Amino acid sequence: MFFCKYDVRLQWNPREKLSKNNVMTQNKANKMWGGRFSEKPSDIMEQINASIDVDVRLWRQDIAGSKAHCEMLVKRNIIPAEDGAAILKGLDQIAGEIEAGEFEFKRSLEDIHMNIESRLREIIGDVAGRLHTARSRNDQVATDFRLWCRDAICELVAKIEGLQNVLENLRQKHVGDIMPGFTHLQPAQPVTLGIHLDAYAQMLSRDKTRLEDCSIRLNQCPLGAAAMAGTPFPIDREMTAKALGFDNPIPNTMDAVSDRDFVAEFLFCCALCGIHLSRLAEEIIIWSTPQFGFITLSDQWSTGSSIMPQKKNPDAAELVRGKTGRLNGNVVQVLTMLKGLPLTYNKDLQEDKEFVFDSVDTISLCLEAMSGMLSSATFHSARMLETAEDGYTTATALADWLVMNLGMPFRDAHHVTGAIVKMAEDKGCKLDALDLADMQGVESRITDEIYKVLSVKK
Ligand code: ARG
């Protein structure tokens with residue numbers, strides 16, 4: 001027997017999430033395959049099996065897929081036209097009910113597919129059962145999910161473009177603003193803020209094309225694969241694929257129901273984009289410290305401290321950085337879930353959607369937060385210039401001058417420059433404040449032309 005040793009115990013309800021929403025449970029054997037079963041599933045079985053809390057987000061895609069499938073069944077004389085018409089009308093009614101928040105989702109019906117089909121039966125009667133001719137939930141869910149990811153990619157691409165615009169505006173505004181460029185976070189060489197920000201725009205343009213590429217590869221239609229081996233009905237896979245905007249049906253039906261490469265790929269695209277945003281977030285965090293003082297975030301994008309009145313914290317940037325953990329984790333979740341799965345469909349595959357939804361929500365929020373933070377931030381160009389002048393950032397330019405003008409091998413020029421930097425350090429002055437005679441003491445052939453490369457502006 002385990003005794004809690006703490007006096008204070010708060011109520012802890014592990015089923016809280018499940019009991020709070022309006023998902024209903026039902027005390028009967030499953031309606032969809034009740035014929036084979038005499039007992040209802042155990043409550044825990046229902047909980048582990050049900051995905052409706054998550055895949056409810058696929059309802060639009062599920063209805064679109066069902067409509068395309070139904071139209072094809074009618075066209076190919078697999079179901080009577082009047083039944084097809086009733087099914088289409090019923091599906092439209094269901095769409096209206098879900099949209100209006102009037103649809104009662106039931107956990108006993110497992111997932112979005114069966115919730116919709118069951119409601120269809122309530123509305124139009126037994127002809128609803130004809131919709132599932134020549135189809136399985138296996139090709140159905142794969143189709144719905146590809147459609148969802150395709151739309152999500154369009155949304156994300158638009159958000160990436162939004163951030164690219166913010167960066168492009170900043171690039172133009174700060175095209176000539178000098179700042180220190182860093183390696184190892186040590187002042188390295190002078191650059192401009194425009195170029196620095198443009199480097200992030202370049203990363204985003206790769207993120208964008210990577211997503212677009214993922215979308216091209218996923219745009220193939222699983223419908224018609226049925227459970228996995230196709231169907232004896234004279235279906236028209238080209239027709240359903242075309243109606244749903246897919247490029248073509250997936251040729252191998254076993255691959256069609258079990259492939260989740262697009263999920264792993266999409267999650268990776270989100271994760272890498274998140275990594276890029278977190279690198280930029282890290283810059284914002286560093287730049288907004290009083291020690292750097294390169295940037296001030298607007299009040300809208302800052303938070304205060306509950307104890308230290310002077311604080312203005314870059315929480316949004318820190319959260320963008322912190323959220324990469326979940327983006328990376330989602331990739332690992334799906335790869336691990338897929339590892340070792342034999343062909344074809346296995347219920348493990350149900351553990352894919354939650355992570356894609358989470359990654360899409362997360363990266364979308366991060367892209368918006370970044371756009372908001374950067375477009376309202378103030379960059380302190382004078383402070384950047386001042387720091388660019390510290391730290392001997394023109395030393396490489398000095399070495400290059402020695403090579404170009406005196407014909408010195410670069411390694412020798414590097415050595416001479418090191419000695420000159422040391423001299424400036426000892427004198428506590430900048431490179432362009434050194435006397436020519438002092439520099440000539442290190443290398444006699446240096447002329448006053450050298451001053452041209454010693455200022456960061458040059
Ligand atoms: N909810 C299921 C999923 O997301 C749908 C497919 C169910 N297929 C099956 N054979 N049980 O994967």
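Values in this document were obtained by computation on a predicted structure and should not be read as measured data.
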> Given E389 and I178, is the side-chain contact (heavy atoms from CB on, under 4.5 Å) satisfied, shown in steps?
Replying inline: CA-CA 9 Å; E389 283 168 339; I178 294 162; over 6 Å; no

>> For a salt bridge (Lys or Arg N to Asp or Glu O under 4.0 Å) check, start with the C-alpha distance between R279 and E282, then their side-chain angles and the critical distance, and finish with the verdict.
In response: CA-CA 5 Å; R279 296 182 70 178; E282 173 73 6; over 6 Å; no

> Should D144 and R60 be marked as a salt bridge (Lys or Arg N to Asp or Glu O under 4.0 Å) after you check the CA-CA gap, both sets of side-chain angles, and the distance that decides it?
Replying inline: CA-CA 8 Å; D144 294 1; R60 283 192 183 80; over 6 Å; no

> Could you go step by step and tell me if R411 and H414 meet the side chain to side chain donor-acceptor pair (under 3.5 Å) rule?
Replying inline: CA-CA 5 Å; R411 283 292 165 222; H414 186 286; 4.5 Å; no

> Taking it one step at a time, do D352 and R260 satisfy salt bridge (Lys or Arg N to Asp or Glu O under 4.0 Å)?
Replying inline: CA-CA 8 Å; D352 56 357; R260 294 294 183 277; 2.9 Å; yes

>> Quick one, N219 with R146, criterion side chain to side chain donor-acceptor pair (under 3.5 Å). Give me CA distance, side-chain angles, the key distance, then yes/no.
In response: CA-CA 7 Å; N219 201 33; R146 282 173 190 257; over 6 Å; no

>> Would K312 and D299 count as a salt bridge (Lys or Arg N to Asp or Glu O under 4.0 Å) here? Give the steps.
In response: CA-CA 8 Å; K312 196 169 166 188; D299 286 356; 3.0 Å; yes

>> For K159 and S364: C-alpha separation, side-chain torsions, deciding distance, then whether side chain to side chain donor-acceptor pair (under 3.5 Å) applies.
In response: CA-CA 7 Å; K159 287 191 179 159; S364 222; 3.2 Å; yes

>> Could you go through S376 and S298, starting from their C-alpha distance and side-chain angles, then the distance that decides it, and tell me whether this counts as side chain to side chain donor-acceptor pair (under 3.5 Å)?
In response: CA-CA 6 Å; S376 60; S298 73; 3.1 Å; yes

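Take R217 and apply the salt bridge (charged side-chain N to carboxylate O under 4.0 Å, His left out) test, not counting sequence neighbours, and it matches D213, E265. The side chain to side chain contact (heavy atoms under 4.5 Å, CB included) check on S455 picks up D432, K457, K458, with sequence neighbours excluded. Applying the side chain to side chain contact (heavy atoms under 4.5 Å, CB included) criterion to C154, with sequence neighbours excluded, gives no partner residue. In this structure D55 satisfies the side-chain hydrogen bond (donor to acceptor under 3.5 Å, both in side chains) test together with S51, sequence neighbours excluded. Scanning for salt bridge (charged side-chain N to carboxylate O under 4.0 Å, His left out) contacts around E443 gives R445, with sequence neighbours left out. Judged as a side chain to side chain contact (heavy atoms under 4.5 Å, CB included), and not counting sequence neighbours, the contacts of A424 are Y392, C429, L431, L434. With sequence neighbours excluded, the residues forming a salt bridge (charged side-chain N to carboxylate O under 4.0 Å, His left out) with K452 are E449, listed by chain and number. Shown here are the ring-ring contact (aromatic ring centres under 6.0 Å, His included) partners of W148, two or more places apart in sequence or in another chain: F357. Here D358 pairs with R326, N330 under the side-chain hydrogen bond (donor to acceptor under 3.5 Å, both in side chains) rule; sequence neighbours left out. Listed by chain and residue number, D426 satisfy the salt bridge (charged side-chain N to carboxylate O under 4.0 Å, His left out) test with K422 (two or more places apart in sequence, or in another chain).
In this structure, L398 CG and I446 CD1 are separated by 6.0 Å, a value rounded to the nearest 0.5 Å. The CE atom of M203 sits 10.0 Å away from atom CG of D198, with the distance rounded to the nearest 0.5 Å. Atom CZ of F262 is separated from atom CG of L267 by 10.0 Å, given to the nearest 0.5 angstrom.
Side chain of S66 to main chain of I63: no donor-acceptor pair is present (N/O by atom type, distance under 3.5 Å, no hydrogens or angles).
Evaluation of the ring pair (Phe, Tyr, Trp, His ring centres under 6.0 Å) test over residues 187-212, restricted to residues two or more places apart or in two chains, returns H196-W287. Sorted by first and then second residue, the pairs that involve residues 153-182 and meet ring pair (Phe, Tyr, Trp, His ring centres under 6.0 Å), not counting sequence neighbours, are H174-F379, F182-F292.
No donor-acceptor contact under 3.5 angstrom links the side chains of N248 and K242, judged on distance only. Residues Q164 and E168 bring no donor and acceptor atom of their side chains to less than 3.5 Å of each other.
Side-chain contact between M439 and L454: present, with at least one pair of heavy atoms (C-beta onward) separated by less than 4.5 Å. Side chains of F145 and K353 form a contact here, defined as non-hydrogen atoms less than 4.5 Å apart.
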